[in-house]
There are 2 protein chains.
Amino acid sequence: MESMSAVNMLSALGHDGRLAIFRLLVKAGPQGVAAGQIARALDVLPNSLSANLNILAHAGLIASRREGRSIIYSADYGAMSGLLGFLMEDCCNGAPEICSPLTAVLARVEGCGPACAPKAPA
Amino acid sequence: MESMSAVNMLSALGHDGRLAIFRLLVKAGPQGVAAGQIARALDVLPNSLSANLNILAHAGLIASRREGRSIIYSADYGAMSGLLGFLMEDCCNGAPEICSPLTAVLARVEGCGPACAPKAPA
DNA sequence: CTCATATTTCGAGAATAATGGAAATATGGA
DNA sequence: TCCATATTTCCATTATTCTCGAAATATGAG
């Protein structure tokens, strides 16, 4: 993860509408969502949506594939993981004041994610 | 962490110069760095620096205090931690594809941070 | 081939952000 | 008080981004 691509990702996500798109795509999982469905779900014009999808794709945060008449967009998990890793490790130097609290977040999150089987009985 | 403040932080960091400022302040630690020193270190005009410091401060990512003639800026660790937590937990729903690799980052990072004593001999 | 659906591309206007020079403010020292 | 240092504020210019209507492209069905 280079600093420049991190800046691109951050500024892509630093926009209300685009953050909403990305969140929707993460929730939808790897199967993705068609552009038209996104537009309806978020109530945005198809052309602004297209522009924002393009920005997210150019930043590497989402991928697209055509399926019949629709174009399906999906979140790029690796890219997001890379961005978070960059922020923790490179940007923040692994400062414990920043990173330590995240251990708790990870503990809370691992075991309740959409595709994650619980390892210990709750 | 509300979504709006996350957007503000992301767009504040989604700028070359501001990301560089923030990284410098994280490296510097809680004692912070005077504005003039930042300007010299990053070779930017004092007035653009001031504008960018203002944007970072308004996003909650940095704090400032006056010390004599200088104004000392320092990274707000809690804010950054909150942003990362929001991205993992709320934005990404704790998707294991995104969050699991971060366990390794945390493991690598805890034990080599600037203010962190090693727990096991290297 | 024609038509309907899905999405993108084009283009113009408005809004916002970035840049840098010059002046203003705040502090400390002589 | 006067001066030097440190930083911010003000202002104008340029550049970028956002928004939305309209037209263009791509696909599949009849």
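Letters A, B, ... are given to chains in the order of the sequence lines, protein chains preceding strands, and every chain is numbered from 1. For clarity, every value in this text was computed on a predicted model and none was experimentally measured.
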Quick one, give me the B/S/- string for nucleotides 18-30 of chain D, reading 5' to 3', where B means a protein heavy atom under 4.0 Å from the base and S means that only happens at the primed atoms, P, OP1 or OP2. SSBBB---SBS--
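- A:Leu13 and A:Leu42 fall within a single hydrophobic cluster, where Ile, Leu, Val, Met, Phe, Trp and Tyr side chains are chained together by heavy-atom contacts under 4.5 Å.
- To the nearest angstrom, P of D:dT9 lies 6 Å from CG of B:Asn54.
- Rounding to whole angstrom units, CZ of residue B:Arg40 and C1' of D:dT7 are separated by 12 Å.
- Separating the CG atom of B:Leu42 from the P atom of C:dT19 is a distance of 13 Å, rounded to the nearest angstrom.
- Considering only side-chain N and O atoms, B:Tyr73 lies nowhere under 4.0 angstrom from the phosphate OP1 or OP2 of D:dA6.
- Distance A:Leu49 CG to D:dT17 C1': 17 Å, rounded to the nearest Å.
- Between the CZ atom of A:Arg65 and the P atom of C:dT8 there is a distance of 14 Å, given to the nearest Å.
- B:Ile62 and B:Ile72 sit in two unconnected hydrophobic clusters of ILVMFWY residues. Membership requires side-chain heavy atoms under 4.5 Å apart, directly or through other members.
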Let's go through A:Ile55 and A:Leu61 carefully: what are the C-alpha distance in whole Å and the side-chain angles of both, what is the deciding distance for side chain to side chain contact (heavy atoms under 4.5 Å, CB included) to 0.1 Å, and is it a yes or a no? CA-CA 9 Å; A:Ile55 290 170; A:Leu61 286 162; over 6 Å; no
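- Counting any heavy atom pair closer than 4.0 Å across all strands shown, B:Ala34 reaches sugar-phosphate atoms only and no base atom.
- Nearest heavy atoms, B:Leu106 versus A:Leu106: CD1-CD1, 3.7 Å.
- Between B:Leu19 atom CG and C:dA18 atom C1' there is a gap of 17 Å when expressed in whole angstrom units.
- Separating the NE2 atom of B:His58 from the P atom of D:dT9 is a distance of 13 Å, rounded to the nearest angstrom.
- Smallest separation of non-hydrogen atoms from B:Met9 and B:Ala59: CG-O, 3.5 Å.
- Put simply, the residue from A:Val44, A:Leu49, A:Asn52 that forms a side chain to side chain contact (heavy atoms under 4.5 Å, CB included) with A:Ile38 is A:Leu49.
- One finds no side-chain N or O of B:Ser70 lying less than 4.0 angstrom from the OP1 or OP2 phosphate oxygen of D:dT5.
- The distance from atom CD1 of B:Ile72 to atom C1' of D:dT5 is 14 Å, rounded to the nearest whole Å.
- Judged by distance alone, with hydrogens and angles left aside, the side-chain atoms of B:Ser100 form a donor-acceptor pair with the main-chain N or O of B:Pro96 at under 3.5 Å.
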